[in-house]
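Residue numbers start from 1 in every chain, and the chains themselves are labelled A, B, ... in the order their sequence lines are given, proteins ahead of strands.
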Amino acid sequence: MLDTVRQSWKALVEKELASYALTILGKEVELPELAVQTPPKPELGDLAFPLFAYAKILRTAPPMLAASLKERIGKIPDRPLGDLLVAGSYLNIRIDTAALATSLSMAIEAEGSHYGENRSLGDKRITIEFSCPNTNKPLHLGHMRNDSIGESISAIMKANGATVRKVNLINDRGVHICKSMLAYQKFGKGETPESTGMKGDHFVGKYYVKFAAWAKEEPSAEQQAQEMLQRWEEDDPVVMELWHRMNKWTLDGLSESYEKMGISFDHYYYESETYKYGKDEILKGLDKGVFYREEDGSVWVDLENIKLDKKVLLRKDGTSLYMTQDVGTAIMRHKDWPFDSLIYVVASEQQYHFKVLFHVLALLGHTWAEDLHHLSYGMVNLPDGKMKSREGTVVDADELLLQLTGLAAAEIRSKQREEQVGDVDKTSSAIALGALNYYLLQVNPLKDMIFNPTESISFNGNTGPYLQYMGARISSMLGRYESEGGDRTKRPFDSSLLTLSDERELIKQIALYPEVVARAGAELDPSLLCSFLYELSRLFSRWYHDNPVLKAGSDELVRARIELSAMVMQVLKNAFALVGIPFLHSM
RNA sequence: GCUCUGAUAGCUCAGCUGGAUAGAGCACUUCCCUCCUAAGGAAGGGGUCGGGCGUUCGAAUCGCCCUCGGGGCACCA
């Protein structure tokens, strides 16, 4: 909505520049495109057009040019509403925020939870793969970053008009899975998650750790695990029974974690079912002549034209590899649910793998291979270095969430807010989740991030709970307004009363929201929404601290400020939904 | 060796399709609850934007070189 205003001013200034050029030079000239910027301070207006670039061509000093343009445009009778300002070498515009507020209010009223969405992705069908845990241990912080990003990007793509299918590929086979099975067989003594009261994934994880300890003393441990894998591949009934049982334990545990973290999927794939896929596809490529066979029987792809090396696609014994599987699963997924685009949310260490994978799929002639994306995210490190499972520095997901929830509950109690909050457990879980998602999504996905436990459990400053607090404050304010007989659906309201600098800033920020949604989608970057949210909350916070809303004086001013607050709340709600922050009416 | 990626305040991060005195949060020093929830607000100190050269009227932002950090380059996943 802000963009419409911006574009109409830009077109107008460009037109006047051209006409000015004609007057000065007596002929038409090609002028550089006009840049539209935001002035650094509110006093300088809302839009800025730097004029440096025209000085030479028009033989006019930029401040002079700004003054001329101001005069010319000022005379145009049907120009857009707003004031023109000359600020040094810039021509600035103070837009008519009252008019903007009126149209925003109508738009938000009409669109509600859909305000900010767009149809830029049309009805594009996008499959998004994320999470993809192993079934031998519980989730840790690294998974949480993956899950937060995956869930958020899915929501963002939907908000940009796409139809999204979220898929999870469970890594439930392989030698690492056999390790926990083997350790359980040797040391488990028949205990179960039920008998020990442990969550299934933690229970299985315990045996994975146990295997590592045991392998230090028993040299044949690794080999025994390999043998078990062999038996698994041969469908040995004893191994299969154990495998089914232990996988169920882990998956039940993971489901519980997902549920708590607000993560869900439209479809689960299991590597035990997909790991043999892909072989036929590779052979098809061989027939087509896009791959080649070495003398020893292995199948390769030459990646010279994308400036990479050669890559094996099938072993000499004809068996599959990681790459083979991924080729197979991509094709199978497309058969299951024909997509236009596929996004993999996978750590940045696999960039090479995906470059090759996408190229191989293109070589096989799949048209959809042109729209494959690796949403690569950086590692999560701790202040004193990397997380290392061997050194026990891994931050466990369930534990962290539990700790955060406990702290939130303690905060509610210390403020004696139990009564207003109602369900303390539910509210503290929501606060914990908001804190965690915001902390993880705040950083640009591409970058490595440092997870500071002390900072992450703080609810002050630039945090999820700060945002939730602003939402809750507005909610209770609106509640009071209505309980005191106010009617906030009554329209129109007098937007011309919103003249304070902070009010103008808030109106612009609200108007900016749809653009942020679009950009977050285009750049696959939820952190843009986090920055936006923080800025919106900070503006609101400052404004309502200094300016009474319910006690503003006149009914009209109260009504106008209530409307502004309600708009902020709706935008907070909508944006929260895209970054996994639960909206709270009270906290 | 080849390649991708990063370096901004003591710490964690924004800003990077070039533009006006480089912004937040935390931490530190002050101040503000007879007033809609102080999970808040205000003020202050703190920066040669890793270094150099270049392009430009103008560079944290673009290009080249260098330094340092992280990843990747398996018939592992």
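Taking the six-membered ring where the residue is Trp, A/Tyr270 and A/Tyr268 present parallel rings, their angle staying beneath 30° rather than reaching 60°. Taking the six-membered ring where tryptophan is involved, the planes of A/Tyr322 and A/His353 are essentially parallel, since the angle between them stays under 30° and well short of 60°.
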For nucleotides 41-44 of chain B, which of its nitrogen or oxygen atoms have a protein nitrogen or oxygen under 3.5 Å away, and what is each distance?
residue, atom, partner, partner atom, Å
B/rG41, OP1, A/Tyr466, OH, 2.8
B/rG41, OP1, A/Ser541, OG, 3.3
B/rG41, O2', A/His545, ND1, 3.0

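With a 3.5 Å ceiling on both atom-pair distances, the Watson-Crick or G-U wobble partner of B/rC68 is B/rG6. Across all strands shown, B/rC53 pairs with B/rG63; the Watson-Crick or G-U wobble distances both stay below 3.5 Å. Across every strand in view, B/rC13 sits in a pair with B/rG23 that passes the Watson-Crick or G-U test at under 3.5 angstrom.
In this structure, A/Arg145 is not positioned above the aromatic face of A/Tyr377 in the sense of NZ or CZ being under 6.0 Å from the six-membered ring centre and within 45° of the axis.
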Stepwise salt bridge (Lys or Arg N to Asp or Glu O under 4.0 Å) check, A/Glu33 with A/Lys10: CA-CA 10 Å; A/Glu33 195 188 333; A/Lys10 183 188 166 193; 2.5 Å; yes
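Side-chain nitrogen and oxygen atoms of A/Arg315 include at least one within less than 4.0 Å of the OP1 or OP2 phosphate oxygen of B/rC76. Under 4.0 angstrom from either OP1 or OP2 of B/rC36 there lies no side-chain N or O belonging to A/Arg561. For B/rA14, one of the phosphate oxygens OP1 or OP2 lies less than 4.0 angstrom from a side-chain nitrogen or oxygen of A/Lys447. For A/Ser348 and B/rG71, the shortest distance from a side-chain N or O to OP1 or OP2 is not below 4.0 Å.
Taking CG of A/Leu500 as the reference point, atom CZ of A/Arg561 lies at 5.5 Å (rounded to 0.5 Å).
You'll find the ring centres of A/Tyr466 and A/Phe459 outside the 6.0 Å limit.
Between A/Glu411 and A/Lys415 there is a salt bridge, since a side-chain N of the basic residue sits under 4.0 Å from a carboxylate O of the acidic one. In summary, A/Arg173 and A/Glu233 engage in a salt bridge, as defined by a charged side-chain N under 4.0 Å from a carboxylate O. Here A/Lys276 does not pair with A/Glu271 in a salt bridge; the nearest charged N to carboxylate O distance is not below 4.0 Å. Between A/Glu556 and A/Arg559, no side-chain nitrogen of the basic residue sits less than 4.0 Å from a carboxylate oxygen of the acidic one, so the salt-bridge criterion is not met. Checked for salt-bridge contact, A/Glu563 and A/Arg488 miss the test: no charged N lies under 4.0 Å from a carboxylate O.
With both ends at atom P, the span from B/rA9 to B/rG15 equals 15 Å, rounded to whole Å. Distance check on atom C1': B/rA7 versus B/rC13 gives 13 Å, rounded to whole Å.
For B/rU3, the base has no donor-acceptor partner in the side chain of A/Lys355 [N/O atoms by modelled type, under 3.5 angstrom].
Non-hydrogen atoms lying under 4.0 Å from RNA chain B are contributed by A/Val443, A/Asn444, all within residues 432-444 of chain A. The stretch residues 55-65 of chain A touches RNA chain B through A/Lys56, each having a heavy atom under 4.0 angstrom from the strand.
Glycosidic conformation, B/rC33: syn, with the torsion inside 90° of 0.
What separates OH of A/Tyr352 from P of B/rU3 is a distance of 14 Å, to the nearest Å. Between A/Ile450 atom CD1 and B/rG69 atom P there is a gap of 15 Å when expressed in whole angstrom units.
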